[in-house]
Amino acid sequence: MAGGVEVGAPRAGVNRGLVVAVGRTVPWRVVGVGAVMGLLVVWLPRLLGGTPDEWLGLNLLRAAALVFALGLAFLLDDPARRLTTPVPTRRWARTGLRVALVTPVAAVWWTAALLLVPAQSRPPVGPVTLEAGATAALALAAASVVVRFTEEPEPGASVAAGLLTLALLAPALVPSRWALFVPVGDPAWAAAHVRWAVVLTAALVTAVACAPEPVRSLRRLRAAS
């Protein structure tokens, strides 16, 4: 389905055959594990017979979003990337299709995660959804960068490790004036979510910019010609 070197005249069209073929390459098992583990994180207080307060509810949702994003870090994994295979559809179209196939699943999953938090403990839905979206976008952007500038066919493990490390270190390393992880009701809540919007935008721009064929493959094609 995918190859490290693409020849011929690629076309950007998307048809049913392409959707089926790309759908088979999506690492549904890893994404599913991330989704299930994320829901278990949110459901844990109820399993233990307790009810989270608003602070705990917020952090449970943040943790769930991170776990799901770790699964999404594997979305662009393609063991066949090093193969020299003629592919009629450009890489950006195939990558976009992978994202499009997973997006409804992510939306349903996030809705379920929100509903698992009791209404009295649930943080404002809009801001916490922005945080979750930015976290997922960071995972996809990082994977896109690795695919674009290296020949690594399966960047998921390294991207997930990097994202997890970043999430653990960010609260301690980011200056307080740029804090992202603030509690509901904090005076910096609104400003923090402006910063989350910037993170989301930057991640999306990076992912789109890195969607075309890897630069090393293009160099090889030019050398061959």
Side-chain angles (χ1 to χ4, degrees), residues 31-48 50-73 75 99-145 159-160 162-209:
V31 175
V33 169
V36 171
M37 294 301 294
L39 292 180
L40 286 175
V41 167
V42 179
W43 197 21
L44 184 60
R46 291 192 177 188
L47 289 175
L48 298 177
T51 300
D53 57 21
E54 191 172 39
W55 179 86
L56 181 56
L58 171 62
N59 286 290
L60 288 173
L61 286 171
R62 284 172 171 168
L66 174 60
V67 172
F68 187 68
L70 295 179
L72 290 180
L75 185 61
V99 175
L101 289 171
V102 170
T103 297
V105 176
V108 172
W109 171 84
W110 182 243
T111 301
L114 289 170
L115 293 176
L116 282 174
V117 178
Q120 68 272 20
S121 307
R122 193 178 304 143
V125 173
V128 76
T129 300
L130 173 62
E131 294 185 23
T135 305
L138 278 174
L140 293 175
S144 297
V145 169
V159 170
L163 182 63
L164 180 58
T165 301
L166 177 63
L168 293 176
L169 296 180
L173 298 181
V174 175
S176 58
R177 65 180 181 278
W178 295 338
L180 292 170
F181 302 99
V182 300
V184 178
D186 189 289
W189 175 261
H193 286 88
V194 171
R195 291 188 284 271
W196 275 112
V198 172
V199 171
L200 173 61
T201 302
L204 292 176
V205 170
T206 300
V208 171

Test Val41 against Met37 for side-chain contact (heavy atoms from CB on, under 4.5 Å), laying out the working first.
CA-CA 6 Å; Val41 167; Met37 294 301 294; 5.6 Å; no
Verdict with supporting geometry, Thr135 and Val199, side-chain contact (heavy atoms from CB on, under 4.5 Å):
CA-CA 9 Å; Thr135 305; Val199 171; over 6 Å; no
Run the numbers on Thr129 and Leu114 for side-chain contact (heavy atoms from CB on, under 4.5 Å), then give the verdict.
CA-CA 9 Å; Thr129 300; Leu114 289 170; 4.3 Å; yes
Residue pair Leu75, Leu140: steps toward the side-chain contact (heavy atoms from CB on, under 4.5 Å) verdict
CA-CA 8 Å; Leu75 185 61; Leu140 293 175; 3.6 Å; yes
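Counting all heavy atoms, side chain and backbone alike, Leu130 lies closest to Ala197 at CD2-N, 3.9 Å. Closest of all the heavy-atom pairs between Leu163 and Ala69 is CD2-CB, 3.8 Å. Smallest separation of non-hydrogen atoms from Thr103 and Val99: OG1-O, 2.7 Å. Shown here for Leu72 and Ala136, the closest heavy-atom pair between the two residues is CD1-CB, 3.6 Å. When all heavy atoms are compared, the tightest approach of Pro45 to Leu60 is CG-CD1, 3.4 Å. Heavy atoms only, all atoms of each residue included: Pro124 and Val184 are closest at CD-CG2, 3.8 Å.
Here the side chain of Trp109 pairs a donor or acceptor atom with the backbone of Ala35 at under 3.5 angstrom. With hydrogens and angles disregarded, no donor-acceptor distance shorter than 3.5 Å links the side chain of Ser121 to the backbone of Gly57.
Considering only heavy atoms from C-beta on, Ser144 stays 4.5 Å or farther from Thr206 through its side chain. Counting only heavy atoms from C-beta outward, the side chains of Phe181 and Asn59 never approach each other to under 4.5 Å. Side-chain contact between Val128 and Trp196: absent, with no pair of heavy atoms (C-beta onward) separated by less than 4.5 Å.
The distance from the CG atom of Leu164 to the CG atom of Leu169 is 9.0 Å, given to the nearest 0.5 Å. In this structure, CZ in Arg122 is found 9.0 Å from CG in Leu116, a value given to the nearest 0.5 Å. To the nearest 0.5 Å, the span separating CG on Leu44 from CG on Leu39 amounts to 12.5 Å. Distance check: Glu54 CD to Gln120 CD gives 10.0 Å after rounding to the nearest 0.5 Å. With rounding to the nearest 0.5 Å, the separation of CG in Leu166 from CG in Leu138 is 7.0 Å. A distance of 10.5 Å separates CG in Leu168 from CG in Leu173, rounded to the nearest 0.5 Å.
Exactly one residue among Leu58, Leu56, Val125, Val42 makes a side chain to side chain contact (heavy atoms under 4.5 Å, CB included) with Val117. That residue is Val42.
The number of heavy atoms from other shown groups lying within 6.0 Å of CH2 (Trp189) is above 12.
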